[in-house]
Amino acid sequence: MIIESLLISFGAETRTYQTGEMIFREEELPSHYYQIEKGKIKLNNYTMDGKEFIQNIFSDGHSFGESLLFVDRPYPMNAVAIEDSVIYKMPKQNFLDLIKNNPEISLSIYECLAERMYYKYIMLYNLSFQNPVAKLKLLMDYLKSYHEDKTPYSFQIPLTRQQLASLTGLCVETVIRTIKQMEKDQIVKIEKRKIYY
DNA sequence: ACATTAATGTGCA
DNA sequence: TGCACATTAATGT
């Protein structure tokens, strides 16, 4: 979200992470601003019985965990690379200086945070009440909202069924069965195991 | 090409 | 649902 040259002039450095590598973990104190140059990361938690819950998944150009830089609290989740990724890392203080001196950047951070909250509101409501079809549909609607082409089946869901399950709190089998049902109902199309919506 | 692992599918309690 | 197990795709050697 912040342009590269600005990041660098404010002391950001790039670092590569391999698939599966942790960028930060629960309980740690936030010390940096992170922005993805290339790759994909997820924010997750594990329930006491070991089940994963994915808060969100981010890819190229997105920042993550920046809201925690404004509060003096430890991270409530882990950040894990799910692809080999290159990530800009800028010390917290530099980040704060940067937004203090740049109203433009500051505004874009607000927008970004607002966007995240929007997603959270939708998902929270969604997760607590809806049936599996509604949950998956809402999640896919959200994902597709970033896709220019709005025609049916034009958007390939960039997530595995496993990940869909972890994002919605459903179990994999349910996701698999539900997606199949949705295909019958013409809501999605499946080709070579890929989901088109 | 073959072995291994992750992801997907299916049947059944 | 959740578990066990079959099938298929992806990845490593």
Side-chain angles (χ1 to χ4, degrees), chain A residues 14-28 34 36-62 64-65 75-89 116 119-197:
Chain A
T14 128
R15 157 121 159 60
T16 67
Y17 293 87
Q18 299 198 308
T19 304
E21 198 174 345
M22 289 262 200
I23 297 153
F24 58 72
R25 59 188 71 226
E26 212 170 333
E27 304 297 319
E28 279 179 6
Y34 296 96
I36 304 170
E37 206 242 287
K38 182 121 189 44
K40 197 177 272 191
I41 71 104
K42 66 181 174 186
L43 300 182
N44 70 3
N45 292 102
Y46 289 96
T47 57
M48 39 290 149
D49 54 327
K51 191 180 170 192
E52 178 185 33
F53 181 79
I54 299 180
Q55 299 273 356
N56 219 331
I57 293 183
F58 297 116
S59 51
D60 297 14
H62 287 98
F64 54 92
Y75 281 119
M77 74 296 201
N78 309 293
V80 186
I82 50 177
E83 275 178 12
D84 291 349
S85 305
V86 183
I87 294 173
Y88 285 110
K89 200 176 164 181
R116 302 285 162 79
Y119 171 77
K120 285 295 165 198
Y121 285 137
I122 285 189
M123 290 310 284
L124 188 58
Y125 160 72
N126 185 25
L127 295 177
S128 35
F129 299 109
Q130 308 296 319
N131 57 60
V133 177
K135 285 189 185 188
L136 290 169
K137 198 163 173 304
L138 196 52
L139 177 58
M140 293 192 298
D141 274 328
Y142 173 77
L143 294 171
K144 189 171 174 174
S145 68
Y146 292 101
H147 187 65
E148 317 72 40
D149 193 345
K150 303 299 181 196
T151 57
Y153 317 132
S154 64
F155 178 62
Q156 186 195 114
I157 304 294
L159 302 168
T160 64
R161 286 152 180 71
Q162 195 72 247
Q163 291 170 327
L164 289 174
S166 300
L167 279 162
T168 52
L170 297 167
C171 64
V172 208
E173 294 97 323
T174 304
V175 170
I176 291 170
R177 288 162 187 150
T178 305
I179 294 287
K180 289 197 160 178
Q181 184 55 49
M182 291 168 81
E183 185 187 30
K184 276 207 187 74
D185 299 342
Q186 321 261 306
I187 300 172
V188 298
K189 238 180 13 179
I190 303 175
E191 248 173 62
K192 313 231 355 149
R193 293 179 163 198
K194 306 284 184 203
I195 303 165
Y196 295 87
Y197 179 57

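Letters A, B, ... are given to chains in the order of the sequence lines, protein chains preceding strands, and every chain is numbered from 1. All values reported here derive from a predicted model rather than from experimental measurement.
- Atoms CZ (A:Arg177) and C1' (C:dC3) sit 10 Å apart, rounded to a whole Å.
- Under 3.5 Å, the side chains of A:Gln156 and A:Tyr196 contain a donor-acceptor pair of N or O atoms.
- Note: NZ (A:Lys194) to P (C:dA9) measures 11 Å, nearest angstrom.
- Taking atom CD on A:Glu173 and atom C1' on C:dA4, their separation rounds to 10 Å, with Å as the unit.
- The distance between atom NZ of A:Lys192 and atom C1' of C:dA9, rounded to the nearest whole Å, is 9 Å.
- One interatomic measurement links the two molecules: CZ of A:Arg193 to C1' of B:dT8, which rounds to 4 Å at whole-angstrom precision.
- Ring orientation note: the planes of A:His147 and A:Phe155 are tilted relative to one another, at an angle of 30° to 60°.
- Surrounding CZ of A:Arg15 are more than 12 heavy atoms belonging to other residues, nucleotides or ligands, all under 6.0 Å away.
- Look at CD on A:Glu191: it is 18 Å from P on C:dT8, rounded to the nearest Å.
- Phosphate proximity of B:dT8 to A:Arg161: present, with a side-chain N or O under 4.0 Å from OP1 or OP2.
- Between the P atom of B:dC12 and the CD1 atom of A:Ile176 lies a distance of 17 Å, rounded to the nearest Å.
- Atom CG in A:Asn131 sits roughly 15 Å away from atom C1' in C:dT1 (whole-Å rounding).
- Between A:Tyr34 and A:Phe64, the ring center distance clears the sub-6.0 Å criterion.
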